[in-house]
Amino acid sequence: MFEMKYDFTKIEKKWQDKWAKEETFRASDDTSKPKYYALVEFPYPSGHGLHVGHPRSYTALDIVSRKRRLEGYNVLYPMGWDAFGLPTENYAIKNKIHPKKVTAANVANFKKQLQSLGFSIDWSREVNTTDPAYYKWTQWIFLKLFEKGLAYKQEMPINWCTSCRVGLANEEVVDGVCERCGSQVVQKSKSQWMLKITAYAQRLIDDLDDVDFIEKVKIQQRNWIGRSEGAEVKFKVGETGDEILVYTTRPDTLFGATYTVLSPEHPLIDTLMPLIGNKDEVLAYRALAAGKSEFERSELTKEKTGAALAGVTALNPVNGEKLPIWISDYVMMTYGTGAIMAVPAHDTRDWEFAKKFGLPIVEVVAGGRDVQAEAYTDVTAGVMVNSGFLSGLQVKDAIRAIIDDLEAKGLGSRKVNYKLRDWVFSRQRYWGEPIPLVHCDRCGWVALPESELPLTLPEVENYEPTDNGESPLAKMDAWVNTACPACGGAAKRETDTMPQWAGSSWYFLRYIDPHNDKVLASDELMQYWLPIDWYNGGMEHTTLHLLYSRFWHKFLYDIGVVPTKEPYQKRTSHGMILGENNEKMSKSRGNVVNPDDIVQQFGADTFRTYEMFIGAFDQATPWSMQGVKGCYKFLERVWNLKGILAAGEGYSAEMESLMHKAVKKVGDDIERLKFNTAIATLMSLVNDFSRLGRVTRGEFKTFLTLLNPIAPHMTEELWAVCGYAGTIAGGKWPVYDEAKTVDDQIEIVLQINGRIRDKLLVAAGLDKDATQKAALESGKIKELTEGRQIVKVIVVPGKLVNVVVGGK
RNA sequence: GCCCAAGUGGCGGAAUAGGCAGACGCAAGGGACUUAAAAUCCCUCGGCAGAAAUGCCGUGCCGGUUCGAGUCCGGCCUUGGGCACCA
């Protein structure tokens with residue numbers, strides 16, 4: 001019999017062209033249909049092109065999207081470009097090409113690559129963060145934040161990358177070096193735009209309860225926000241009456257405080273300076289601490305350093321005891337109050353410091369350990385000792401009692417703190433959204449009127465930041481000098497630009513209504529499409545992008561722009577694809593796989609199938625060319641099934657149960673992101689068809705539909721070749737009959753003392769007593785229990801019978 | 001140091017609620033077809049013993065719970081990820 005060869009190149013081109021021409025996957029704005037909004041993280045279009053990691057996420061949600069359409073949903077599955085950012089700018093500087101041109105070329109390449117994989121993306125909604133029509137709204141949101149007092153400028157020490165010459169957020173500093181270029185990061189003081197994400201800290205924690213995020217993501221976000229409950233306690237300086245406010249999560253240990261520590265940057269040090277006997281030492285220590293980068297400060301954990309403030313003492317508010325005041329860089333100005341009470345008996349850091357400087361150590365939570373030898377820190381429970389009126393109380397009660405007491409006396413109060421810090425929003429760079437503010441000597445910082453948005457980037461000759469760290473925009477006098485929108489007087493534009501996280505904090509809203517020039521998206525359409533039903537992305541975005549975008553969304557909700565508190569209803573995460581040598585893929589390791597090569601050699605359907613079959617979706621797993629070949633072989637076997645196509649619109653007797661089981665299994669597996677086992681099920685079906693030597697038209701029809709979301713091109717082609725009506729994309733997802741997924745006869749396991757001794761075929765639904773009877777009558781069991789005492793029989797109907805016997 | 005994953009054949013992995021460990025695929029070995037090779041098809045494929053039937057052992061390690069543990073509990077080890085002087 002003549003058999004057409006599986007010509008994937010031709011088939012894939014044919015269907016991709018058809019989908020593009022007919023706009024098969026265009027999301028409709030017909031709000032009467034049930035909707036489904038599937039989202040994947042839009043890529044940064046780098047010059048390296050698509051990585052095999054990108055399509056892991058894209059294919060997964062493409063499969064979900066295609067299945068949803070067959071289930072009758074109006075599906076939105078969009079794509080866009082997170083195109084501002086440093087690599088493009090650095091490339092532009094080096095090669096003297098405008099970043100706009102670099103971006104356009106990279107986007108074109110990425111788009112071509114994505115399209116070659118046959119994703120069911122609605123390309124009519126493509127967005128690009130560098131498009132002025134897009135960043136007009138990024139700027140608009142910033143102005144709203146500014147208007148509500150959530151954007152503020154502050155002189156503060158920032159992380160400064162010595163190579164990029166750019167301020168970095170804490171999150172962009174990894175192990176003391178720049179996340180992007182690996183160069184050393186130092187502290188530098190600069191006036192920065194900040195966004196008050198901390199104002200939303202509690203809501204960002206609380207509202208996690210209402211969304212379906214994988215637990216890992218929730219835990220990581222909670223940890224990052226870092227809520228802690230404690231108290232602020234006032235210590236008085238004995239000599240001056242000044243107040244030292246300390247934050248502690250353990251006010252119950254107040255009687256164990258043997259000294260206090262101020263951060264070297266603490267402003268009280270200046271106030272006390274006239275009384276300090278060892279000014280030189282103190283000033284020297286402050287200078288030393290200031291010269292260290294945040295990394296160096298945290299790196300030098302081995303040895304505590306510090307200086308005592310001679311001539312001043314703090315008074316413990318509970319007993320008036322005089323405590324020495326020290327300064328040390330193990331206390332951070334940016335957390336709590338920048339001052340602590342030290343309880344060396346029960347805190348490792350305080351203990352190390354006390355040991356080094358010979359300060360007293362007083363046990364206040366009984367633990368039966370020698371606190372002089374080691375800090376006893378396992379003190380979430382225990383009995384208070386050496387603690388005045390708290391002695392004898394349980395820790396839990398002591399905390400309440402001491403706070404009540406401090407509050408009553410006006411010496412302290414309950415306080416919640418968060419590790420989360422405000423978001424440094426300024427970048428001294430060219431390739432980012434201009435911050436649409438103007439500084440006027442008379443009016444201060446003034447927002448541009450909305451009518452002047454977008455404030456576009458001016459053309460510049462040179463994109464390099466200035467040597468003093470100003471953005472290249474600062475050199476553009478004609479652009480910088482402007483009139484104050486408020487008073488009309490001379491004023492200067494802000495020359496900092498926004499960080500890359502800005503455009504990605506709201507892009508999912510723009511997909512909903514990408515061409516609207518009146519509002520960022522219409523109320524009606526947002527009402528319909530939000531929230532996003534399923535958002536898949538990398539774990540690496542959990543604490544940055546995901547938190548930032550939730551923050552912006554909540555803000556937009558507060559000002560009535562968006563209809564939901566949370567942007568994403570469901571969040572899942574995929575694992576990394578490693579090189580064949582089990583290491584992270586990178587150019588330097590020489591283990592990078594280029595998707596284009598795989599598509600060219602085996603086709604997009606094989607590529608997609610392999611990416612989903614490679615392993616557990618949420619786990620890291622190595623690439624294997626042998627595995628790719630295996631998937632190709634599978635698709636080829638599917639292709640050849642048409643050679644054994646047999647009459648019959650229904651399922652054959654032999655296949656009926658298997659077909660119903662497969663429909664159930666594949667559907668369930670896709671919902672649970674178990675693509676590998678869904679594909680395994682389909683492979684088993686192919687094995688069954690081959691063994692039987694025939695596949696009925698009805699069986700093949702169901703099979704092709706189940707495989708279609710994974711391998712859309714070849715299944716559509718086979719559909720057409722076999723003469724089925726219409727297309728799979730225009731059809732329906734198959735249904736199964738639960739009753740037909742249950743076998744009439746079930747093989748149960750017969751055990752003696754938990755060891756399998758025999759197997760027995762019984763009728764499905766056989767009850768406990770009948771199962772037990774059948775088991776005990778089976779030859780093998782009879783033989784082996786002969787002359788032994790049956791102690792107990794465990795029966796799990798439909799599963800097993802375990803006979804527990806005594807010795808002979 | 002703290003938090004979160006993971007550890008199963010030669011390899012990727014499966015086992016959805018405590019009930020047949022190793023589905024599916026890859027690799028390997030044997031065979032059929034072929035002048036030959038490739039492709040394809042068939043068989044074998046955790047270890048030990050055995051001709052076989054079969055038996056014993058086996059899911060990182062040590063204990064525990066249970067009639068029964070890859071799965072639950074306690075304690076470790078290793079790897080990966082995140083945080084880290086956060087009071």
Side-chain angles (χ1 to χ4, degrees), chain A residues 174 214-224 226-228 230 246-250 253 260-261 263 297-302 304-305 328-332 334-343 346-350 352-353 377 417-421 539-540 542-543 575-576 578 580 582 584 609-610 613-616 618-631 633-634 636-637 640 665 668-669 672 674 676-687 690 747-756 758-759 791-796 798-805:
Chain A
V174 176
I214 49 171
E215 205 50 36
K216 209 158 66 151
V217 169
K218 289 191 181 184
I219 290 167
Q220 225 179 86
Q221 290 212 344
R222 286 197 193 103
N223 289 347
W224 183 266
R227 181 193 157 99
S228 78
V246 309
Y247 175 69
T248 176
T249 55
R250 294 304 299 269
T253 61
T260 66
V261 188
S263 159
R297 261 176 88 153
S298 59
E299 189 63 355
L300 296 169
T301 43
K302 17 188 157 88
K304 292 277 182 288
T305 59
S328 173
D329 63 7
Y330 84 92
V331 175
M332 306 286 136
T334 45
Y335 182 78
T337 58
I340 63 155
M341 62 180 214
V343 185
H346 304 293
D347 182 286
T348 309
R349 297 154 300 177
D350 295 343
E352 285 168 358
F353 192 85
T377 58
N417 264 320
Y418 302 90
K419 287 187 211 170
L420 184 70
R421 299 186 195 174
M539 261 333 269
E540 69 274 21
T542 303
T543 50
M576 233 189 318
L578 307 169
E580 296 218 56
N582 238 307
K584 204 169 159 172
T609 304
Y610 178 63
F613 189 64
I614 190 168
D618 60 349
Q619 257 147 48
T621 178
W623 186 267
S624 155
M625 277 318 292
Q626 292 295 348
V628 176
K629 280 183 204 157
C631 287
K633 255 166 67 180
F634 162 63
E636 214 174 24
R637 290 184 71 199
N640 292 330
K665 173 86 175 141
D668 289 352
D669 281 355
R672 296 184 308 128
K674 296 275 193 174
N676 52 342
T677 52
I679 292 167
T681 303
L682 295 169
M683 286 173 168
S684 290
L685 277 187
V686 171
N687 292 342
S690 301
E747 192 180 52
I748 63 166
V749 171
L750 305 184
Q751 298 179 328
I752 291 179
N753 290 347
R755 309 187 74 104
I756 295 158
D758 202 6
K759 291 175 185 181
V791 179
K792 195 172 173 186
V793 181
I794 285 112
V795 182
V796 184
K799 291 265 192 215
L800 57 59
V801 176
N802 184 15
V803 183
V804 185
V805 297

*Quick one: label A:K665 by what it contacts on the DNA or RNA (base, sugar-phosphate, nothing), any heavy atom closer than 4.0 Å.*
base
*asked:* On the nucleotide B:G82, are OP1 or OP2 found under 4.0 Å from the side-chain N or O atoms that A:N223 carries?
replied: no
*Counting only N and O atoms by type, is there a donor-acceptor contact under 3.5 Å from the side chain of A:D350 to the main-chain atoms of A:V343?*
yes
_Sidechain-backbone polar pair: A:S328 side chain, A:T305 backbone, donor-acceptor under 3.5 Å_ = yes
*Give a yes/no on whether any side-chain N or O of A:R637 is located under 4.0 angstrom from OP1 or OP2 of B:U40.*
no
*From A:M576 atom CE to A:T621 atom OG1, the distance as rounded to the nearest 0.5 Å*: 11.5 Å
*Classify the side chain of A:K759 versus the base of B:C20 as yes if they form a donor-acceptor pair under 3.5 Å and no if they do not.*
yes
*Looking at A:D669 and A:R672, does any basic side-chain N land under 4.0 Å from a carboxylate oxygen?*
yes
*Can you check whether any acceptor in the base of B:C85 is under 3.5 Å from a donor in the side chain of A:K304, or vice versa?*
yes
*Do A:K304's NZ or CZ and the ring of A:Y330 fall within the cation-pi criteria of under 6.0 Å and 45°?*
yes
_Paired stretches of RNA chain B - 3 or more consecutive Watson-Crick or G-U pairs, each distance under 3.5 Å_ = B:1-7 with B:77-83, B:10-12 with B:24-26, B:28-32 with B:40-44, B:46-49 with B:54-57, B:60-64 with B:72-76
*Under 4.0 angstrom, heavy atoms only, what part of the nucleic acid is A:R227 near: base, sugar-phosphate, or nothing?*
nothing
*State whether A:Y335 places a side-chain N or O below 4.0 Å from either non-bridging phosphate oxygen (OP1 or OP2) of B:A87.*
yes
